[in-house]
Structure formats: structure tokens, C-alpha cells
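Working notes for the structure below.
Remember, predicted model here, so these are calculated numbers, not experimental data.
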Amino acid sequence: MTKSLSTRIFIGLFSGLILGSIIQYFLADIGFFSGTIVELASGAGTMFVNMIMMLVVPLVFVSIVCGVCELKDLNSFGRLGGKTFGFYIINTLVAIFAALGVALLLAPGKGVDMSSGGGVDIVATELPNLVDLIVSIVPSNPISAFGSGNMLQVIFMALLLGGVIKSLGEAAQSAVSGFQVANKIMMKLISVVMQLAPIGVFALMLKLGATLEAAIFGSVVEYLVLIIGLLLLWIFVVYPFAVGLFTQTSAKEFRAKTREQILFSLSTASSNATIPVTMRTLTEKLGVNRSVAGFGVPLGATMNMGGVSIYITIAIFFVANAFGAPISMEQLPALLFSIFLLSVGAGGVPGGGMVMIGVLIHQMGLPIEAFAIVAALDRLIDMVLTSCNVVGDTAVLTIVNETEKDADAKLAPAQTQVQAQV
């Protein structure tokens, strides 16, 4: 087969969506198509995502340990960690304030009466506490952290182990070699699973096309277009422009090299499931150092949620306006802080943004019926916002990698001078 993997994923994505739509609108009365075929597609898509998710936790753990061990020294680890974390925070804040500006300017949902919609109950959940979020990073049970897939805890353990191994130097060289071999094994497993991506994407999109209720889009089309338009602007304009401005990679080149990543994330709607593709995009296509990618990608899938930030901000303004409870200027500071915490805590799984919007709807005293609108449109939006999240990871880490090159270049003459004096 001569077609590239990204081309095959593209074909699988659209052929699945088209076939699913045909089933919904023309073959819905035939049980074999609307029942059996859709159920088989759902099962196949779920198996594919589960195969990816099965590899995510060990891949994250091994890649971070390897990334730390491959750093030149622990000082560079502190520098790299600080820059990556800082850039992710800046990216999230910029996305929130940009979405806020658009929401205040266009007032989505204003003049729309949604008060007669059907009710959907959501579970009352407290807004996350920043101190509790930080405290929970340290696991009391490492096995439980791995079993539950708690990425922040897995990242903490990997950073701690990698740092200790690095500090032992030659005495722990056998451990470094073992993790390097494990990393090669994980990457090979990912390559094998990725060959099934076109089939998995086809199945996922067939299920989506066969179950979406298009009629519900009529009254909220502006809301839908606004969010998706803003997300696409971030994916194809803002992030490529930032990369072109701060690195040697042009905006056009960045768009071309992230195409496979965008298509894959569209189908899975999961930042975590897209981690392997993001890693390969960074290291093989954009030339990012493996230590930068190994440390930054898992962290980004957990906390770099520019797309989720945009989604939550626009959605909460829409439902507030549509249900006759517009957000006042006095409420904005607390709302923005809550959106920031919720974006970081949304996680890299499908539907994470919708859950966080449900939390805000409950906490702000908005009508529970509002959640029905969010839930109905979430799957379509979730696809695009996941692409925005993962492309944001790639853009930030490409820029971080460029700053690391600059730091190494500045450090080299100083080291040469010291050696000459000795």
C-alpha cells in the first residue's frame, strides 16, 4: 500500500462519516444497518481506542524516565520543566482571555430562548481546589495510580525515578539501558497499533455519522460555528504563526507536518489516545529532542488544554445567555479562575470538556436543562477541540525545543572558556 498513513486515516475518517450518515438518513428502518452494523462499528472503534489507551500509561512512564535520563544534567531538567510548564500555562491563559473577548463581543445565546428544553440531570461536583490538585499529584499507592491512569501521578513518579537514576550516574547505567530498550519496545508497539488506525477511525466515524441528531443543530448553529471557527483559527493560524515566529519551522511546514496528528485526534477525540502520534510528529517530523517530547507530551495531554479553555468559556456564556441568566462583570474573576482550573483538570479523554461545563452549570446556579444542549453538541465539538489541544502541545514543545537549542548554544562557549582556563 503506497498511501501514507495520514492519507489512509483521512480516507477512513470521511468514508466512515459518509456511510454513517447514509445509514441514519436512508437506512434507519433496516435493522441490519441501523442496529448490527452500527453496533459492530461501535465495538471495533472502542477496541481500537482501548488498544491505544492500553499503551498510554506505560508509554508515558517509560518515555519520561528516558527523557530525564537523556538530559545532559539535572540543571537542564529544571530549566526544561520550568519552561514547559510556564509555556503551557501561558497558552491556556491566552486561549481563555481570547475566548472571553469573543464571548463578550458577540454574546452567543443572546436572544435565544432555551428555557423550554428537556431536562438532563448532572451530578453535583465541587469546583477543584488548587491546593488539593497539587497535593493529589503525589500518589499514596503507585499501583493504584497506574491502574486508574492518573496521569499527573504517573508523571510525578516518572520524574522522580528518572531524576534518581540520573543522579546515580554510571552506577545506574544498566537501569538507563533497560528503560531505553523498554522505550524502543513501546514505540514499536505503537507503530503496530497505528497500522490499524484507518480501520479504527473508519469505525468511530461510522458510529458518529449514524447517531448524530442533525435536527438539534438548527437553533444553536451560531454557537456551534463560533466555537469550531475559533478552534480552527487556533489550529491553522495562531499555533502555526507562533511556531513560525519563534522557531526555524515555517507556519506552512508546521501545518503540513501536523496533518496526521489532526486527523487522528479528530477521530479519537482524546488527547491521551493521540500521545503516540504527537510523540512521533515531534521527534520524527519536527526534529524535536526526545527528552523535550518525552517530558512535555504527557504533561501537555494532561494540562495544556487550550481547546478546552475556548470551549468551556464560549459554552458557559452561551448557556447563561440562552437561559436568561447572563454573566455579570462581577462574576468574571471567579468564573475565569474556575475555567482555568477546570481546563487543567479536564483530562485527555473524550467528553472531558462537557463534564467540566456541567460542573460550572451546577456551580453557577444555571438551569440543569442547559446541560442537554451542551451534551447534544459535545461529540462534534470535542473532535475539533482535541485537535486544538494536541496541536497546541506540538506548537509549545517545538518552541521549547528551540529555546533549549539557544540555551545549549550559549552554554557551549562558556564551557569551552572554563576548560581553556583549566
Side-chain angles (χ1 to χ4, degrees), residues 83-103 128 133 151-152 226-247 251 254-255 258 261-262 264-266 268-275 277-278 281-282 286 288 293 296-317 335-357 360 378 380-401:
K83 281 193 293 189
T84 304
F85 183 82
F87 281 22
Y88 280 159
I89 294 297
I90 292 171
N91 176 56
T92 300
L93 291 174
V94 169
I96 289 173
F97 281 101
L100 173 65
V102 171
L133 185 66
M151 283 299 176
L152 286 178
L226 179 59
I227 290 183
I228 293 180
L230 202 53
L231 293 171
L232 292 176
L233 178 69
W234 243 246
I235 294 171
F236 294 109
V237 178
V238 175
Y239 286 137
F241 175 78
V243 170
L245 183 63
F246 294 108
T247 74
F254 181 80
R255 291 189 198 99
T258 54
Q261 182 189 28
I262 292 171
F264 187 83
S265 58
L266 278 172
T268 62
S270 170
S271 297
N272 283 342
T274 313
I275 283 177
V277 184
T278 304
T281 299
L282 283 164
L286 291 165
V288 171
V297 171
L299 183 64
T302 303
M303 65 165 291
N304 185 38
M305 297 290 170
V308 172
S309 302
I310 292 171
Y311 178 28
I312 295 176
T313 305
I314 299 295
I316 202 65
F317 271 87
L335 175 64
L336 294 177
F337 182 67
S338 297
I339 290 173
F340 173 74
L341 292 180
L342 290 170
S343 298
V344 173
V349 296
M354 178 183 67
V355 173
M356 298 308 168
I357 294 169
L360 269 183
D378 178 75
L380 185 60
I381 296 172
D382 199 29
M383 296 160 53
V384 186
L385 79 85
T386 301
S387 293
C388 185
N389 288 338
V390 299
V391 172
D393 296 344
T394 303
V396 167
L397 293 176
T398 303
I399 295 171
V400 169
N401 187 69

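A heavy-atom distance below 4.5 Å is found between the side chains of F340 and I89. Residues F254 and L286 meet the side-chain proximity criterion, which asks for heavy atoms closer than 4.5 Å. Counting heavy atoms from C-beta on, the side chains of W234 and V391 never come closer than 4.5 Å. Contact annotation: the side chain of V384 approaches that of I235 to within less than 4.5 Å [non-hydrogen atoms, C-beta and beyond]. L100 has its side chain within reach of F317: a pair of non-hydrogen atoms, C-beta onward, lies under 4.5 Å apart.
Between D382 atom CG and Y311 atom OH the span is 7.0 Å, to the nearest 0.5 Å. From L93, atom CG reaches atom CD1 of I339 across 11.5 Å, with rounding to the nearest 0.5 Å. A distance of 6.0 Å separates CD1 in I381 from CD1 in I228, rounded to the nearest 0.5 Å. The structure places CE of M305 at 13.0 Å from CD1 of I310, a figure rounded to the nearest 0.5 Å. To the nearest 0.5 angstrom, L266 atom CG is 10.0 Å from L385 atom CG.
Residue P240 comes nearest to R255 through the heavy atom pair CG-CG, 3.8 Å, listed as atom of the first residue, atom of the second, then distance. When all heavy atoms are compared, the tightest approach of A293 to V288 is N-CG1, 4.2 Å. Annotation for A95 and S309: closest pair CB-CB, 4.1 Å, computed over non-hydrogen atoms.
Looking at S387, its side chain does come within 3.5 Å of a backbone N or O of I262 through a donor-acceptor pair. Between the side chain of Y88 and the backbone N or O of G296, at least one donor-acceptor pair lies under 3.5 Å. Between the side chain of Q261 and the backbone N or O of V390, at least one donor-acceptor pair lies under 3.5 Å.
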Inset, instruction - Step by step, work out the side chain to side chain contact (heavy atoms under 4.5 Å, CB included) result for T313 and F97. - result: CA-CA 9 Å; T313 305; F97 281 101; over 6 Å; no
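Checking each of N91, T398, D393 against Y239 for a side-chain hydrogen bond (donor to acceptor under 3.5 Å, both in side chains) leaves exactly one that passes, namely N91.
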